[in-house]
Amino acid sequence: MRLCVNIDHFATLREARGGLEPDPVTAAQICELHGAEGIVCHLREDRRHINDRDLRLLRDMVKTKLDLEMAITDEILQIAVETLPDLVTFVPEKRKELTTESGLDVIREAEKVAHAVRMMHENDIEVSLFVDPIDEQVEAAAETGADVIEIHTGEFANARSIEEMAEQLERIRKAAAFARTLELGVNAGHGINYQNVHYITPIRDIEEVSIGHSLVARAMFVGLPTAVKDMVRLVRGF
Ligand code: PXP
(Lines give C-alpha, C1' and ligand atoms only; values in the text may rest on other atoms or scores of the structure.)
Protein backbone atom coordinates (compact mmCIF):
# COMPACT_ATOMS: atom_id res chain seq x y z
CA MET A 1 0.00 0.00 0.00
CA ARG A 2 1.20 3.51 -0.81
CA LEU A 3 1.00 6.62 1.38
CA CYS A 4 -0.12 9.89 -0.17
CA VAL A 5 0.02 12.86 2.17
CA ASN A 6 -2.65 15.53 2.12
CA ILE A 7 -0.87 18.79 2.90
CA ASP A 8 -3.91 21.08 3.22
CA HIS A 9 -3.44 21.71 6.91
CA PHE A 10 0.01 23.21 6.52
CA ALA A 11 -1.83 25.84 4.53
CA THR A 12 -4.56 26.04 7.20
CA LEU A 13 -1.90 27.01 9.72
CA ARG A 14 -0.38 29.53 7.33
CA GLU A 15 -3.79 31.11 6.73
CA ALA A 16 -4.30 31.50 10.50
CA ARG A 17 -1.89 34.44 10.20
CA GLY A 18 -2.21 35.18 6.51
CA GLY A 19 1.54 35.14 5.98
CA LEU A 20 3.96 32.76 4.29
CA GLU A 21 4.64 30.15 6.97
CA PRO A 22 4.44 27.21 7.08
CA ASP A 23 4.68 26.75 3.33
CA PRO A 24 2.74 23.67 2.13
CA VAL A 25 5.10 23.40 -0.85
CA THR A 26 8.08 22.91 1.47
CA ALA A 27 6.00 20.39 3.43
CA ALA A 28 5.33 18.45 0.22
CA GLN A 29 9.04 18.24 -0.53
CA ILE A 30 9.83 16.96 2.96
CA CYS A 31 7.02 14.37 2.69
CA GLU A 32 8.45 13.08 -0.60
CA LEU A 33 11.96 13.04 0.79
CA HIS A 34 10.84 10.75 3.59
CA GLY A 35 8.87 8.23 1.60
CA ALA A 36 5.44 9.63 0.66
CA GLU A 37 4.49 8.32 -2.77
CA GLY A 38 2.09 11.10 -3.59
CA ILE A 39 0.98 14.57 -2.50
CA VAL A 40 -2.68 15.53 -2.22
CA CYS A 41 -4.12 19.03 -1.98
CA HIS A 42 -7.68 20.31 -2.10
CA LEU A 43 -8.20 23.60 -3.91
CA ARG A 44 -11.48 24.70 -2.39
CA GLU A 45 -13.78 27.21 -3.95
CA ASP A 46 -13.28 29.50 -0.92
CA ARG A 47 -9.46 28.99 -0.91
CA ARG A 48 -9.55 28.48 2.84
CA HIS A 49 -6.19 26.68 2.84
CA ILE A 50 -4.51 25.73 -0.46
CA ASN A 51 -4.47 28.58 -2.97
CA ASP A 52 -3.72 28.94 -6.67
CA ARG A 53 -0.07 29.83 -6.06
CA ASP A 54 0.41 26.66 -3.98
CA LEU A 55 -1.07 24.51 -6.71
CA ARG A 56 1.16 26.04 -9.40
CA LEU A 57 4.29 25.52 -7.33
CA LEU A 58 3.24 22.03 -6.28
CA ARG A 59 2.82 21.08 -9.93
CA ASP A 60 6.41 22.20 -10.54
CA MET A 61 7.95 20.61 -7.44
CA VAL A 62 6.11 17.34 -6.81
CA LYS A 63 8.11 14.47 -8.26
CA THR A 64 5.95 11.54 -7.18
CA LYS A 65 2.31 12.12 -7.99
CA LEU A 66 0.14 15.19 -7.53
CA ASP A 67 -3.49 14.48 -6.69
CA LEU A 68 -5.78 17.51 -6.86
CA GLU A 69 -8.91 17.11 -4.78
CA MET A 70 -11.65 19.28 -6.18
CA ALA A 71 -15.34 19.94 -6.54
CA ILE A 72 -16.79 19.68 -10.03
CA THR A 73 -17.19 23.36 -10.84
CA ASP A 74 -16.35 25.16 -14.08
CA GLU A 75 -13.69 27.28 -12.39
CA ILE A 76 -11.79 24.42 -10.77
CA LEU A 77 -12.12 22.14 -13.82
CA GLN A 78 -10.47 24.90 -15.87
CA ILE A 79 -7.68 25.23 -13.30
CA ALA A 80 -7.13 21.46 -13.42
CA VAL A 81 -6.78 21.56 -17.20
CA GLU A 82 -4.27 24.41 -16.94
CA THR A 83 -2.28 22.81 -14.11
CA LEU A 84 -2.32 19.18 -15.25
CA PRO A 85 -2.11 17.25 -11.96
CA ASP A 86 -1.44 13.52 -12.35
CA LEU A 87 -4.78 12.67 -10.77
CA VAL A 88 -7.87 14.60 -9.81
CA THR A 89 -10.17 13.36 -7.07
CA PHE A 90 -13.69 14.70 -7.38
CA VAL A 91 -15.33 15.37 -4.01
CA PRO A 92 -18.55 17.04 -2.92
CA GLU A 93 -17.94 20.44 -1.36
CA LYS A 94 -20.10 22.40 1.03
CA ARG A 95 -19.18 25.92 2.04
CA LYS A 96 -19.78 25.54 5.75
CA GLU A 97 -18.30 22.06 6.29
CA LEU A 98 -15.10 21.74 8.33
CA THR A 99 -13.94 18.95 6.05
CA THR A 100 -15.41 16.75 3.31
CA GLU A 101 -18.36 15.04 4.97
CA SER A 102 -19.41 12.29 2.59
CA GLY A 103 -18.77 10.69 -0.76
CA LEU A 104 -20.11 11.99 -4.05
CA ASP A 105 -23.62 10.99 -5.02
CA VAL A 106 -22.48 9.60 -8.36
CA ILE A 107 -25.90 8.07 -9.04
CA ARG A 108 -27.66 11.42 -8.80
CA GLU A 109 -24.95 13.39 -10.57
CA ALA A 110 -23.99 10.77 -13.14
CA GLU A 111 -24.19 13.03 -16.16
CA LYS A 112 -22.24 15.90 -14.62
CA VAL A 113 -19.56 13.54 -13.29
CA ALA A 114 -19.22 11.68 -16.61
CA HIS A 115 -18.82 14.99 -18.45
CA ALA A 116 -16.08 16.11 -16.03
CA VAL A 117 -14.33 12.72 -16.34
CA ARG A 118 -14.29 13.07 -20.14
CA MET A 119 -12.88 16.58 -19.85
CA MET A 120 -10.02 15.36 -17.67
CA HIS A 121 -9.31 12.36 -19.90
CA GLU A 122 -9.09 14.63 -22.94
CA ASN A 123 -6.24 16.28 -21.07
CA ASP A 124 -4.58 13.00 -20.01
CA ILE A 125 -5.51 13.48 -16.35
CA GLU A 126 -6.60 10.37 -14.44
CA VAL A 127 -9.78 10.63 -12.38
CA SER A 128 -10.71 9.29 -8.98
CA LEU A 129 -14.18 9.63 -7.44
CA PHE A 130 -14.56 9.89 -3.67
CA VAL A 131 -17.45 7.58 -2.80
CA ASP A 132 -19.03 5.98 0.22
CA PRO A 133 -18.61 2.18 0.42
CA ILE A 134 -21.91 1.44 -1.32
CA ASP A 135 -22.01 -0.97 -4.29
CA GLU A 136 -24.48 1.16 -6.27
CA GLN A 137 -22.19 4.19 -5.98
CA VAL A 138 -19.16 2.12 -6.97
CA GLU A 139 -21.02 0.79 -9.99
CA ALA A 140 -22.13 4.29 -10.97
CA ALA A 141 -18.51 5.46 -10.61
CA ALA A 142 -17.35 2.78 -13.07
CA GLU A 143 -20.08 3.82 -15.51
CA THR A 144 -18.79 7.41 -15.60
CA GLY A 145 -15.48 6.13 -17.00
CA ALA A 146 -13.48 7.09 -13.89
CA ASP A 147 -10.17 5.27 -13.38
CA VAL A 148 -10.14 5.00 -9.62
CA ILE A 149 -12.42 5.33 -6.61
CA GLU A 150 -11.35 6.64 -3.24
CA ILE A 151 -13.43 4.95 -0.58
CA HIS A 152 -14.62 7.31 2.16
CA THR A 153 -13.34 5.86 5.43
CA GLY A 154 -14.87 8.56 7.64
CA GLU A 155 -17.61 6.40 9.12
CA PHE A 156 -15.09 3.70 9.96
CA ALA A 157 -12.79 6.28 11.60
CA ASN A 158 -15.67 7.75 13.62
CA ALA A 159 -17.07 4.40 14.79
CA ARG A 160 -17.89 4.45 18.49
CA SER A 161 -17.60 0.74 19.24
CA ILE A 162 -15.58 -2.24 18.07
CA GLU A 163 -18.74 -3.74 16.56
CA GLU A 164 -19.48 -0.60 14.56
CA MET A 165 -15.89 -0.39 13.43
CA ALA A 166 -15.94 -4.03 12.28
CA GLU A 167 -19.16 -3.37 10.39
CA GLN A 168 -17.74 -0.31 8.65
CA LEU A 169 -14.53 -2.15 7.85
CA GLU A 170 -16.50 -4.92 6.21
CA ARG A 171 -18.34 -2.37 4.05
CA ILE A 172 -14.99 -0.94 2.97
CA ARG A 173 -13.56 -4.38 2.25
CA LYS A 174 -16.59 -5.39 0.14
CA ALA A 175 -16.70 -2.11 -1.79
CA ALA A 176 -12.97 -2.38 -2.57
CA ALA A 177 -13.34 -5.96 -3.82
CA PHE A 178 -16.37 -5.01 -5.92
CA ALA A 179 -14.53 -2.04 -7.43
CA ARG A 180 -11.68 -4.32 -8.50
CA THR A 181 -14.12 -6.58 -10.37
CA LEU A 182 -15.11 -3.45 -12.32
CA GLU A 183 -11.42 -2.78 -13.04
CA LEU A 184 -11.33 0.37 -10.95
CA GLY A 185 -8.24 1.31 -8.97
CA VAL A 186 -8.97 1.66 -5.25
CA ASN A 187 -7.74 4.33 -2.86
CA ALA A 188 -9.08 5.14 0.60
CA GLY A 189 -9.08 8.14 2.86
CA HIS A 190 -10.55 10.28 5.57
CA GLY A 191 -9.89 10.03 9.27
CA ILE A 192 -7.14 7.44 8.92
CA ASN A 193 -4.61 7.84 11.73
CA TYR A 194 -1.70 6.11 13.51
CA GLN A 195 -4.10 4.10 15.66
CA ASN A 196 -6.54 2.83 13.04
CA VAL A 197 -4.43 2.45 9.89
CA HIS A 198 -3.54 -1.16 10.75
CA TYR A 199 -7.18 -2.15 10.16
CA ILE A 200 -6.98 -0.78 6.61
CA THR A 201 -3.57 -2.10 5.52
CA PRO A 202 -4.59 -5.80 5.30
CA ILE A 203 -7.22 -4.91 2.69
CA ARG A 204 -5.17 -5.85 -0.37
CA ASP A 205 -7.63 -4.33 -2.84
CA ILE A 206 -6.77 -0.86 -1.52
CA GLU A 207 -3.66 0.40 -3.27
CA GLU A 208 -3.26 3.80 -1.71
CA VAL A 209 -4.31 5.81 1.33
CA SER A 210 -4.63 9.58 1.52
CA ILE A 211 -3.81 10.88 5.00
CA GLY A 212 -3.74 14.47 6.17
CA HIS A 213 -4.93 15.67 9.53
CA SER A 214 -3.43 13.03 11.81
CA LEU A 215 -0.05 13.24 10.10
CA VAL A 216 0.12 17.04 10.26
CA ALA A 217 -0.98 16.95 13.92
CA ARG A 218 1.75 14.45 14.79
CA ALA A 219 4.34 16.44 12.86
CA MET A 220 3.82 19.32 15.30
CA PHE A 221 5.18 17.19 18.11
CA VAL A 222 7.71 14.86 16.50
CA GLY A 223 8.64 16.77 13.34
CA LEU A 224 7.48 16.12 9.80
CA PRO A 225 10.23 13.66 8.74
CA THR A 226 9.46 11.37 11.69
CA ALA A 227 5.69 11.68 11.23
CA VAL A 228 6.01 10.69 7.55
CA LYS A 229 8.50 7.87 8.14
CA ASP A 230 6.34 6.38 10.91
CA MET A 231 3.23 6.43 8.73
CA VAL A 232 5.08 5.04 5.69
CA ARG A 233 6.19 2.11 7.86
CA LEU A 234 2.62 1.48 9.08
CA VAL A 235 1.10 1.79 5.60
CA ARG A 236 3.63 -0.59 4.12
CA GLY A 237 2.72 -3.00 6.91
CA PHE A 238 5.99 -3.30 8.87
N1 PXP B 1 -9.51 12.06 1.13
C2 PXP B 1 -10.41 13.04 0.89
C3 PXP B 1 -11.27 12.94 -0.31
C4 PXP B 1 -10.51 14.16 1.76
O5 PXP B 1 -11.41 15.12 1.51
C6 PXP B 1 -9.64 14.23 2.86
C7 PXP B 1 -9.70 15.42 3.76
O8 PXP B 1 -9.22 16.54 3.10
C9 PXP B 1 -8.72 13.19 3.06
C10 PXP B 1 -8.70 12.11 2.19
C11 PXP B 1 -7.77 13.20 4.21
O12 PXP B 1 -8.49 13.09 5.39
P13 PXP B 1 -7.78 13.34 6.78
O14 PXP B 1 -7.31 14.77 6.78
O15 PXP B 1 -8.84 13.06 7.77
O16 PXP B 1 -6.62 12.38 6.85
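Remember, it's 1-based here, ligands and their atoms both numbered in the order they're listed. Positions are given from 1 along the sequence.
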Looking at ligand 1, would [X] count as a contact under a 4.0 Å heavy-atom criterion?
{"X": "H42", "answer": "no"}
{"X": "G191", "answer": "yes"}
{"X": "V91", "answer": "yes"}

Could you list the atoms of ligand 1 found under 4.0 angstrom from a heavy atom of G212?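 Per the distance check, 13 (P), 14 (O), 16 (O).
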
Please list, in number order, the atoms of ligand 1 under 4.0 Å from a heavy atom of N6.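 Near N6, the atoms of ligand 1 are 8 (O).
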
I'd like to know if [X] and [Y] make a salt bridge, using a cut-off of under 4.0 Å between side-chain N and carboxylate O.
{"X": "E37", "Y": "K63", "value": "no"}
{"X": "D205", "Y": "R180", "value": "yes"}
{"X": "D46", "Y": "R48", "value": "yes"}
{"X": "R59", "Y": "D54", "value": "no"}

With H121 via ring pair (Phe, Tyr, Trp, His ring centres under 6.0 Å) - residues at least two apart: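 Partners of H121 under the ring pair (Phe, Tyr, Trp, His ring centres under 6.0 Å) test: none.
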
Could you check atom 11 (C) of ligand 1 against the protein and tell me its nearest heavy-atom contact, residue, atom and distance included?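 Ranking protein heavy atoms by distance from atom 11 (C) of ligand 1, first comes S210 O, 3.8 Å.
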
Atom 12 (O) of ligand 1: which protein heavy atom is closest, and how many Å away?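 Result for atom 12 (O) of ligand 1: H190 CA, 3.5 Å.
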
Quick check: does [X] get an N/O under 3.5 Å from an N/O on ligand 1?
{"X": "H213", "value": "yes"}
{"X": "I211", "value": "no"}
{"X": "F130", "value": "no"}
{"X": "E150", "value": "yes"}

Name all residues meeting the side chain to side chain donor-acceptor pair (under 3.5 Å) criterion together with N51; count only those two or more places apart in sequence or in a different chain, and write none if there are none.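 Scan of N51 (side chain to side chain donor-acceptor pair (under 3.5 Å), adjacent residues dropped) gives none.
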
Side-chain donor-acceptor contact under 3.5 Å, H42 with E93: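 Note: H42 and E93 side chains meet the donor-acceptor criterion.
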
Are R171 and F156 in a cation-pi setup, meaning NZ or CZ lies under 6.0 angstrom from the ring centre and within 45 degrees of the ring axis?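 Judged by the rule, R171 and F156 form no cation-pi pair.
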
For ligand 1, indicate whether the residue E69 contacts it via side chain, backbone, both or neither (heavy-atom separation under 4.0 Å).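 Answer for E69: side chain.
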
